[in-house]
Structures are given as structure tokens and as C-alpha cells.
Number of protein chains: 2
Amino acid sequence: MISNTRLAVAAHIVAVLASKKGESVKSRYVAGSVNTNAAFVRRILCSLTKAGIVRAEMGKSGGFKLVKDPGKITLWDLSVALGEERLFAVHKNPANPCCPVSRGMKESLGRAFSRVEKAAQAQMKRISVKELLPA
Amino acid sequence: MISNTRLAVAAHIVAVLASKKGESVKSRYVAGSVNTNAAFVRRILCSLTKAGIVRAEMGKSGGFKLVKDPGKITLWDLSVALGEERLFAVHKNPANPCCPVSRGMKESLGRAFSRVEKAAQAQMKRISVKELLPA
DNA sequence: CTTTATGTATCTATACCGGTTACATATTTC
DNA sequence: GAAATATGTAACCGGTATAGATACATAAAG
């Protein structure tokens with residue numbers, strides 16, 4: 001049902017920063033842990049920076065460090081930072097005005113999906129990055 | 001977070017069948033309500049048929065009809081029928097064996113995501129197609 | 001036998017995902 | 001001040017998924 005892995009990668013990235021306990025970490029190092037390239041990691045780190053989860057330091061001897069306590073950064077925080085809070089998509093085909101079912105369907109689906117997403121959201125708020133770290 | 005709209009379309013399709021109260025409905029008619037083409041609708045109806053939610057009748061004067069009570073067909077039933085029960089994806093990059101965080105990350109993420117999916121699933125089981133129909 | 005439905009394969013345009021390169025900008029270091 | 005090296009971000013690319021469209025074999029009714 002899902003397409004991209006950005007939430008997973010974001011969580012991985014933050015976990016790496018958390019494991020360094022506030023030290024400055026370079027995107028290249030993080031990329032090594034995720035096993036991807038540094039530019040992709042920076043793209044995600046950029047969203048996290050704008051969300052105030054991470055601080056970026058420019059220039060030589062730059063890098064990234066966590067701003068918040070890893071125990072207080074939840075999966076939901078990351079989803080919001082990435083702008084990916086929706087779990088379902090409704091088709092965009094225009095409703096058929098001749099069909100009563102079609103007329104109300106997209107609104108009904110929107111409400112139904114919102115209920116499910118709300119339940120998921122509640123759970124995501126209960127899972128912090130700290131729980132992803134090795135014991 | 002989601003890419004495809006098959007669950008939404010499947011729900012729409014079943015709602016149309018439900019509104020016809022067990023009568024046989026042609027894929028072409030359903031396609032008119034969803035505002036898409038009949039082959040796409042049949043592709044989804046095929047999954048629903050295999051899942052026992054719908055019965056297909058071949059040949060001239062063929063069509064589709066609901067097998068189950070619309071009040072007993074849930075969003076979760078449809079997701080299972082479509083083989084789309086996962087909401088999140090973990091990146092497939094191999095773990096970096098030198099990094100303790102990386103070593104455990106994919107398992108940790110799998111567990112975390114499963115918890116969220118379970119919450120979503122519980123909610124999806126509580127929403128039936130009947131609730132999507134106009135009052 | 002003709003008509004007309006489903007089942008399914010194939011083709012296509014579009015979009016997205018993630019990898020990659022490149023380079024402007026910022027900041028430390030010398 | 002100049003060199004070195006980090007982030008920020010745009011641009012491009014190949015792979016893949018989505019959904020639309022056509023086509024046709026198969027099945028059943030008339």
C-alpha cells in the first residue's frame with residue numbers, strides 16, 4: 001500500500017544522531033549507516049531541520065545534531081516533518097452526478113480514511129525514536 | 001504516504017453493488033460511477049471475486065453481484081482482498097554491519113510499523129461499506 | 001450462430017522514488 | 001585572505017508503479 005521509504009529512512013537517520021548523543025554528525029557518516037548516498041540523506045535532514053528536530057551546522061566541521069530528546073521524537077513527528085501524514089488516497093476522478101453513490105463517495109471515503117488515520121496517528125505518537133535503538 | 005487508489009476504488013465499486021441490492025451489475029455501469037474504464041474496474045472486481053466478496057457471472061447478461069451483506073464487508077476485508085495490508089515500507093538497503101544502530105534498525109522499524117498497522121487494522125475492521133452509502 | 005458479458009494480456013503516458021552529480025553557499029582552518 | 005570542506009538544493013536518470021486504453025479469448029444467453 002505504501003510507496004516510499006522516507007519515514008523509515010528518517011527514523012534511521014534520527015536514530016543514528018541519537019546514538020551519538022548530541023555530537024555533530026556528518027551526512028556522509030549517516031549515509032554510511034543507512035547505506036545510501038549523502039545527498040538523499042541531506043534531503044531528508046533538511047525537512048527535519050525545518051521541523052526543528054535537528055540542527056544543521058554549515059561549513060567545514062559542520063554536521064547535524066539532535067535538538068530534541070530522542071525519547072520525545074515520535075514517528076508522528078517525523079511524518080509531519082516529511083509532510084506525509086496521509087496513509088490513504090482517494091481517486092480523483094470526478095463524481096458522476098447521475099449516480100447518488102458516486103456523488104457522496106469521495107466525502108464518505110475521506111471521512112472513513114480519516115478515522116483510520118487518526119487511530120494510526122495515536123499509535124505513532126506513542127512510538128519514539130529511542131525505542132528503535134539497540135538495547 | 002500512499003500511492004495507489006485501489007482501496008478507494010474497491011470501496012466505491014462495492015458500494016455501487018450494494019446500492020443495487022444484490023442485482024447483477026455490469027462492469028461498464030460501475031465504471032460509469034467511478035468515472036474510469038471498465039477493464040480497470042474488472043481488474044479490481046477480479047480480486048474481490050477471488051476473495052469471495054463478489055460473484056461474477058459470465059457470458060451475455062453477465063455481471064457482478066454482492067455475495068456478502070454490505071454491513072459486513074469492511075475496509076480491512078477489501079485491503080486483504082487486494083493484497084494491500086501494509087501501510088509502511090522499510091528501506092531495503094542492506095544494514096551496515098559496522099554500525100550497531102544500522103544492524104538492528106530494520107527489525108526495529110518492522111516491529112514499530114506493525115504496531116501502527118495493527119491499530120489501523122482494528123479501525124478498518126470497524127468500518128463497513130454500508131457506512132459509505134448515502135443516507 | 002450471434003450477441004454480449006467477463007477474464008486477462010499488453011501497451012502506453014505519466015508520475016514518483018531513490019541514486020547521482022554538480023555546484024552555490026557557508027564556515028572553519030591555515 | 002585563501003584553501004578546504006561541510007550543508008543546501010537543483011538537475012538529471014533509470015527503474016518501477018499507476019491507471020487508462022485496446023484487444024481478444026472465453027463463456028453464456030437468446
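Here the structure is a predicted model, which is why all the values come from computation and not from measurement. Worth knowing before you read on, the calculation uses all heavy atoms, side chains too, and leaves out hydrogens, waters and symmetry mates. Proteins get letters first, then strands, A, B, ... in listed order; numbering begins at 1 in each.
- In terms of the side-chain contact (heavy atoms from CB on, under 4.5 Å) criterion, residue partners of B:E107 (sequence neighbours excluded) are, by chain and number, B:R111.
- Residues satisfying the side-chain hydrogen bond (donor to acceptor under 3.5 Å, both in side chains) test with B:K118, not counting sequence neighbours, are none.
- Legend: residues meeting side-chain hydrogen bond (donor to acceptor under 3.5 Å, both in side chains) with A:S61, ordered by chain and number and at least two apart, are absent.
- Residue A:K50 is in sugar-phosphate contact alone, with no base atom involved, counting any heavy-atom pair closer than 4.0 Å across all strands shown.
- At the phosphate of D:dG20, OP1 or OP2 sits under 4.0 Å from a side-chain N or O atom of B:T36.
- Distance, A:N37 CG to C:dA22 P: 13 Å, rounded to whole Å.
- Considering only side-chain N and O atoms, B:T5 lies under 4.0 angstrom from the phosphate OP1 or OP2 of D:dA19.
- For CZ of B:R103, the number of neighbouring non-hydrogen atoms (other residues, nucleotides, ligands) closer than 6.0 Å is greater than 12.
- A:H91 has its NE2 atom 10 Å from the P atom of D:dA19, to the nearest Å.
- Atom pair B:K92:NZ and C:dG18:C1' shows a separation of 11 Å (rounding to whole Å applied).
- DNA chain D lies under 4.0 Å from at least one heavy atom of each of the following residues of residues 40-48 of chain B: B:F40, B:R42, B:R43.
- When the side-chain contact (heavy atoms from CB on, under 4.5 Å) test is applied to A:A122, no partner is found at least two apart in sequence or on another chain.
- For the pair A:L82 CG and C:dG18 C1', the computed distance is 14 Å after rounding to whole Å.
- Near DNA chain D, defined here as any heavy-atom distance below 4.0 Å, the residues from residues 52-61 of chain B are B:M58, B:G59, B:K60, B:S61, listed numerically.
- From one end of the helix from C:dC1-D:dG30 to C:dC30-D:dG1 to the other, with five pairs defining each end axis, the axis direction shifts by 10° (rounded to 10°).
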* For side chain to side chain contact (heavy atoms under 4.5 Å, CB included), just list the numbers for B:V116 and B:L87, CA-CA rounded to whole Å, side-chain angles, deciding distance to a tenth of an Å, and then say yes or no. => CA-CA 9 Å; B:V116 179; B:L87 292 176; 5.7 Å; no
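- Rounded to whole Å, atom C1' of C:dT28 lies 10 Å from atom NZ of A:K26.
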Identify each donor-acceptor pair in which a side-chain atom of residues 67-75 of chain A lies under 3.5 Å from a protein atom, sequence neighbours left out, and give them as a table.
from	atom 1	to	atom 2	distance (Å)
A:D69	OD1	A:G71	N	2.9
A:T74	OG1	A:W76	N	3.3
A:T74	OG1	A:D77	N	3.1
A:T74	OG1	A:D77	OD2	3.2

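- Atom CG of A:L7 is separated from atom P of C:dC16 by 19 Å (rounded to the nearest Å).
- Residues satisfying the side-chain contact (heavy atoms from CB on, under 4.5 Å) criterion with B:K60, sequence neighbours excluded, are absent altogether.
- At a threshold of 4.0 angstrom between heavy atoms, the contacts of A:N35 with the nucleic acid are absent.
- The two residues B:L17 and B:F64 make their nearest non-hydrogen contact at CD2-O, 4.0 Å.
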Under 3.5 Å, which donor-acceptor pairs link side chains of residues 44-54 of chain A to any protein atom two or more places apart or in another chain?
from	atom 1	to	atom 2	distance (Å)
A:T49	OG1	A:L45	O	2.7

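- Nearest to the side-chain atoms of B:N4 among the listed nucleotides C:dG19, D:dG20, D:dA19 stands D:dA19.
- Residue A:N93 has no polar side-chain atom (N or O) positioned under 4.0 Å from OP1 or OP2 of D:dA19.
- Residue A:R28 has no polar side-chain atom (N or O) positioned under 4.0 Å from OP1 or OP2 of D:dA6.
- Whole-Å rounding puts the A:Y29 OH to D:dA6 P distance at 15 Å.
- Residues in residues 10-26 of chain B take part in these side-chain hydrogen bond (donor to acceptor under 3.5 Å, both in side chains) pairs, two or more places apart or across chains: A:H91-B:H12, B:H12-B:S33, B:K20-B:Y29, B:S24-B:E57.
- Every side-chain hydrogen bond (donor to acceptor under 3.5 Å, both in side chains) that B:E131 has, sequence neighbours left out, goes to A:R115.
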